[in-house]
Amino acid sequence: MSPIHDSENELFPDLARVLYTSADISSRVNELGRQITSDYRGRSLVMISILKGGIIFLGDLMRAVAIPHAFDLIGASSYKGGTSTSGKVIITKDVTLDLRGKDILVVEDILDTGHTLNVVIELLKIQEPASIEVCCLLNKNRPRAHEIPLRYTGFDIPDEFVVGYGLDYRELYRNLKCIAVLKPEVYSA
Ligand code: 5GP
Ligand code: MG
């Protein structure tokens, strides 16, 4: 059986423009995986992703990393179903692993204002890990409210609202394999 292509997805007609295809993403994730593999060899790596948007990226990135590592999940939300940030971040789920002395790599779908990552990093620091760095698939080109230790970036993107590959609009579009911009009429509907 051939895999389902995005063009068969019932949500595909809502897309105005594809920024990155599944092949673009996969090739970049492999590059990031190789870098992380060589940078973290011999260290006690724990990858921590932020629910829900980061989990597709985490799943692919983990399998592109060839050294032993653990992962955990943290729940944080700042968006209230819209397309602009509220600035208020709520932690909905804490990590379960003991992170003391570990080398933490926070794996996030997108870095926008930095509010979410800032709160998450402050929370993780309480456990006194050996190091904390960040890997973002997408980095929005806009002024940042906080200084973020961004070590790895998948793609730098313009300040537009994107969906797909884990990223949602009102909880949908996460299952698209590409990353795309929605048609304006989708928001006004
Ligand atoms: P920040 O706190 O950095 O402003 O925003 C980070 C979070 O906002 C991301 O984890 C993501 O959930 C959401 N977000 C920011 N920009 C976008 C976007 O363009 N599309 C989607 N779907 N979510 C976004
Ligand atoms: Mg998110």
Side-chain angles (χ1 to χ4, degrees), residues 6 9 11-22 24-25 28-29 32 47-62 71-95 104-125 132-189:
D6 271 346
N9 193 308
L11 296 168
F12 192 75
D14 288 357
L15 307 183
R17 203 168 85 248
V18 172
L19 296 183
Y20 301 103
T21 63
S22 143
D24 296 333
I25 298 168
R28 188 67 188 118
V29 168
L32 292 171
M47 292 212 229
I48 298 182
S49 192
I50 305 177
L51 293 171
K52 303 174 193 172
I55 66 155
I56 308 270
F57 180 37
L58 175 73
D60 284 347
L61 187 63
M62 283 182 72
F71 84 90
D72 208 338
L73 298 170
I74 194 161
S77 123
S78 64
Y79 273 34
K80 285 280 184 254
T83 62
S84 62
T85 187
S86 62
K88 227 184 125 212
V89 179
I90 304 156
I91 296 295
T92 53
K93 184 207 168 294
D94 201 352
V95 291
I104 296 180
L105 185 61
V106 180
V107 176
E108 182 47 324
D109 49 5
I110 187 163
L111 176 54
D112 186 5
T113 62
H115 287 307
T116 308
L117 273 169
N118 188 55
V119 169
V120 164
I121 288 167
E122 289 309 309
L123 185 72
L124 295 172
K125 275 186 187 164
I132 303 185
E133 310 221 62
V134 174
C135 174
C136 268
L137 181 64
L138 305 172
N139 180 22
K140 271 196 190 175
N141 186 9
R142 69 173 338 265
R144 208 81 79 204
H146 308 273
E147 186 100 15
I148 300 295
L150 185 58
R151 173 101 181 255
Y152 309 95
T153 301
F155 305 102
D156 289 301
I157 62 162
D159 190 7
E160 281 187 284
F161 189 80
V162 296
V163 297
Y165 197 71
L167 288 149
D168 74 309
Y169 174 60
R170 296 193 172 163
E171 293 303 326
L172 299 180
Y173 304 95
R174 295 192 197 274
N175 63 321
L176 285 165
K177 296 178 182 183
C178 67
I179 291 166
V181 177
L182 287 175
K183 289 178 181 162
E185 56 263 37
V186 175
Y187 305 119
S188 40

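For clarity, every value in this text was computed on a predicted model and none was experimentally measured. In what follows, residues are counted from 1 in the order of the sequence shown. All heavy atoms count here, side chains included; hydrogens, waters and symmetry mates do not. Just so you know, ligand 1 is whichever comes first in the structure, and atom 1 is the first atom listed for that ligand.
Using modelled atom types, no side-chain atom of Thr153 and backbone atom of Phe155 make a donor-acceptor pair closer than 3.5 Å. Side-chain N or O atoms of Lys93 include none that pairs as donor or acceptor with a backbone N or O of Ala76 at under 3.5 Å.
When Ile110, Leu51, Val89 are checked for heavy-atom proximity to atom 11 (C) of ligand 1, Ile110 turns out nearest.
Residues Leu15 and Val163 have side chains in contact (heavy-atom distance under 4.5 Å, counting atoms from C-beta outward). You'll find the side chain of Ile132 reaches within 4.5 Å of the side chain of Lys125, heavy atoms only. Side-chain contact between Tyr187 and Leu182 is present, with heavy atoms from C-beta onward closer than 4.5 Å.
By the 3.5 Å distance cut-off applied to N or O atoms, Leu117 is not counted among the residues near ligand 1. Between Val163 and ligand 1, no N or O atom pair is found at a separation short of 3.5 Å.
Atom numbering of ligand 1 starts at 1 in the shown order; those under 4.0 Å from a heavy atom of Thr116 are 1 (P), 2 (O), 5 (O), 6 (C), 7 (C). For ligand 1 and His115, the ligand atoms under 4.0 Å from any heavy atom of the residue are 2 (O), 3 (O). Interface of Lys140 with ligand 1, defined as ligand atoms under 4.0 Å from a residue heavy atom, comprises 16 (N), 17 (C), 18 (C), 19 (O). Against a heavy-atom cut-off of under 4.0 Å, Asp168 is close to the following atoms of ligand 1: 21 (C), 22 (N). Near Glu160, meaning under 4.0 Å from one of its heavy atoms, ligand 1 places the atoms 19 (O). Atoms of ligand 1 found under 4.0 Å from any heavy atom of Glu108 (numbered from 1 in listed order, with element): 9 (C), 10 (O). Of all the atoms in ligand 1, the ones that sit under 4.0 Å from a non-hydrogen atom of Thr113 are 1 (P), 2 (O), 3 (O), 4 (O).
The line from CD1 of Ile148 to CD of Glu108 is 10.0 Å long, rounded to the nearest 0.5 Å.
The closest approach between Tyr169 and ligand 1 stays at or above 4.0 Å for every heavy atom of the residue. Residue Ile50 places no heavy atom under 4.0 Å from ligand 1. The closest approach between any non-hydrogen atom of Gly114 and ligand 1 is below 4.0 Å.
Under the side chain to side chain contact (heavy atoms under 4.5 Å, CB included) test applied with Ile179, the options Ile110, Ile25, Ile157 reduce to a single match, Ile25.
Aromatic ring pairs are classed by plane angle as parallel below 30°, tilted from 30° to 60° and perpendicular above 60°; the pair Phe57 and Tyr165 is tilted.
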